[in-house]
Number of protein chains: 2
Amino acid sequence: MAKIAGKGRKPRRPYHHGNLRRGLLDEALATIRAEGVDRLTLREIGTRLGVSRTALYRHFADKRALLAAVATEGFRTLRQHLEAAWVEGGRNREAFEAMGTAYIRFAIANSSHYRVMFGGSIDPKVCGPELAAEAAGAFQALVDALSSLQRAGIVRADDTLTTARYVWAVVHGVSMLAINGQLPDPVSIDGLTRYTSDRLLTGIDVGRALSGAPRG
Amino acid sequence: MAKIAGKGRKPRRPYHHGNLRRGLLDEALATIRAEGVDRLTLREIGTRLGVSRTALYRHFADKRALLAAVATEGFRTLRQHLEAAWVEGGRNREAFEAMGTAYIRFAIANSSHYRVMFGGSIDPKVCGPELAAEAAGAFQALVDALSSLQRAGIVRADDTLTTARYVWAVVHGVSMLAINGQLPDPVSIDGLTRYTSDRLLTGIDVGRALSGAPRG
DNA sequence: ACCTGAACACCGTTCAAGT
DNA sequence: ACCTGAACACCGTTCAAGT
């Protein structure tokens with residue numbers, strides 16, 4: 001990766017890393033995955049990268065800024081998962097349900113990362129525009145899919161933004177309950193995920209008696 | 001409150017407080033409300049109560065145990081709000097919607113407290129049975145109401161527990177998005193809350209076109 | 001420009017000691 | 001039983017100094 005130093009040039013490669021910022025982000029995320037946000041320590045990240053404890057401050061304003069950057073990358077990845085599910089599913093009603101399932105699956109598979117994204121340890125107003133933009137991008141994937149289904153006459157023609165927020169709240173709520181251990185076991189998580197796929201579109205009242213899950 | 005010391009008895013009232021545990025809980029909650037969990041410091045609680053920084057350890061194992069106790073009280077209060085909405089609303093479909101609204105309102109009015117209850121800084125398995133019991137109690141209020149509506153033929157006769165978890169996830173999701181500032185303004189929060197009341201029961205697909213909110 | 005090393009203010013927690 | 005005071009190990013952050 002690094003340029004090979006020519007004869008006349010000093011071999012002045014950067015102190016330790018070609019891209020320390022990248023390394024800091026990766027190491028922070030690895031620690032968050034392995035031990036949770038609470039155990040994340042700037043000092044340990046530094047020593048783990050073979051760098052001073054304060055080198056980080058050349059790339060991030062403070063710890064919160066580092067966490068905001070981690071969250072930003074999380075929203076980018078989430079959007080990719082959502083768009084993939086929508087496109088590969090065929091951009092229809094089933095694809096929309098697959099999108100919801102993909103959302104929940106992402107949250108569970110990356111629970112610590114997801115908690116940083118939504119944990120409230122970072123507030124969107126303070127942490128620069130990148131985080132807000134990336135979060136809005138992930139949300140936009142949902143809005144676009146929903147808007148498409150509305151034009152196709154599959155989803156109610158309510159205000160698109162409000163409907164999208166509702167869908168977001170539902171999958172977010174399921175994800176949080178699953179992550180927080182408030183659902184007793186994996187079976188109940190799967191069950192709730194499937195149930196959500198069904199009920200989100202048709203509601204929980206009677207009058208749609210046919211297509212539902214059995215009383216189980 | 002304290003017994004008046006009789007003549008022959010030493011006026012041996014406790015060092016500073018009749019109930020230090022109570023004082024610690026109240027002070028912790030007050031700080032959480034005013035400044036958020038991150039700013040909560042055991043030392044400041046102590047000095048604020050005019051007590052040693054380590055007196056707390058006579059009443060709580062550590063900081064996490066204190067937070068767990070705060071969360072426990074939160075679930076108790078939440079349950080009271082839910083049951084009040086259900087009973088005062090007349091135990092019918094409208095009362096159930098009022099229960100959902102009461103849930104979201106509680107979360108928003110006590111956002112920092114709510115975050116402690118669901119923030120994941122405390123895991124239910126470790127923190128003793130009281131927290132789990134009180135959380136289960138709040139959930140049970142929802143299960144009971146739902147079960148009643150199922151018997152009345154108002155809500156689909158699906159598995160009650162799964163349905164209750166779904167409803168919980170929905171109101172929890174709306175609450176979290178509102179608390180985290182991911183909804184742009186109070187108007188959108190109200191709008192989403194109303195929309196949730198409607199759509200939770202009837203779903204978002206077409207075929208129920210009449211009773212919905214207009215597209216504005 | 002980028003990184004270091006020492007220092008500062010702060011924190012949760014422990015523990016022998018007091019009453 | 002309940003509380004204190006000093007101490008320990010740890011943390012985020014600052015800043016003058018190095019290359």
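Residue numbers begin at 1 in each chain, while the letters A, B, ... track the order of the sequences.
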[X]: what forms a ring pair (Phe, Tyr, Trp, His ring centres under 6.0 Å) with it, not counting sequence neighbours?
{"X": "A:Phe60", "result": "none"}
{"X": "B:Phe75", "result": "B:Phe118"}
{"X": "A:His113", "result": "none"}

Check the interface with nucleotides 10-14 of chain D: list each N/O to N/O pair with the protein under 3.5 Å, or write none.
unit_1	atom_1	unit_2	atom_2	d
D:dC11	OP1	A:Thr41	OG1	3.4
D:dC11	O5'	A:Thr41	OG1	3.3
D:dC11	O3'	A:Thr41	OG1	3.3
D:dG12	OP1	A:Leu42	N	3.2
D:dG12	OP1	A:Lys63	NZ	3.1
D:dG12	OP2	A:Thr41	OG1	3.2
D:dG12	OP2	A:Leu42	N	3.2
D:dG12	N7	A:Arg43	NH1	2.3
D:dG12	O6	A:Arg43	NH1	3.2
D:dT13	OP2	A:Tyr57	OH	2.9
D:dT13	OP2	A:Lys63	N	3.0
D:dT13	O5'	A:Tyr57	OH	3.2

Quick one: side chains of residues 81-89 of chain A, donor-acceptor pairs under 3.5 Å with protein atoms, not counting sequence neighbours, listed by atom name and distance.
none

Identify, with sequence neighbours excluded, every residue that meets side chain to side chain contact (heavy atoms under 4.5 Å, CB included) alongside A:Gln140.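 By the side chain to side chain contact (heavy atoms under 4.5 Å, CB included) rule, A:Gln140 matches A:Val143, A:Asp144.
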
For A:Pro184, which residues count as a side chain to side chain contact (heavy atoms under 4.5 Å, CB included) partner, sequence neighbours excluded?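 In terms of side chain to side chain contact (heavy atoms under 4.5 Å, CB included), with neighbours along the sequence ignored, A:Pro184 is linked to A:Ser188, B:Arg165.
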
Kindly say if A:His59 contacts the phosphate of C:dC3, meaning a side-chain N or O under 4.0 Å from OP1 or OP2.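 A:His59 to C:dC3 OP1/OP2: side-chain N or O found under 4.0 Å.
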
So how far is it from A:Thr101 OG1 to A:Asp190 CG, rounded to the nearest 0.5 Å? 9.5 Å

Nearest-Å distance for atom pair [atom1]/[atom2], residues [X] and [N]:
{"X": "A:Arg58", "N": "C:dG5", "atom1": "CZ", "atom2": "P", "value": "15 Å"}
{"X": "B:Leu49", "N": "D:dC3", "atom1": "CG", "atom2": "P", "value": "11 Å"}
{"X": "B:Arg21", "N": "D:dC2", "atom1": "CZ", "atom2": "C1'", "value": "15 Å"}

Which pairs count as ring pair (Phe, Tyr, Trp, His ring centres under 6.0 Å) when at least one residue sits in residues 35-54 of chain B, sequence neighbours excluded?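 Matches after skipping sequence neighbours: none remain.
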
How would DNA chain D look in dot-bracket form, 5' to 3', counting Watson-Crick and G-U wobble pairs with both distances under 3.5 Å and writing | for bases paired to another strand? ||.|||||...|||||.||

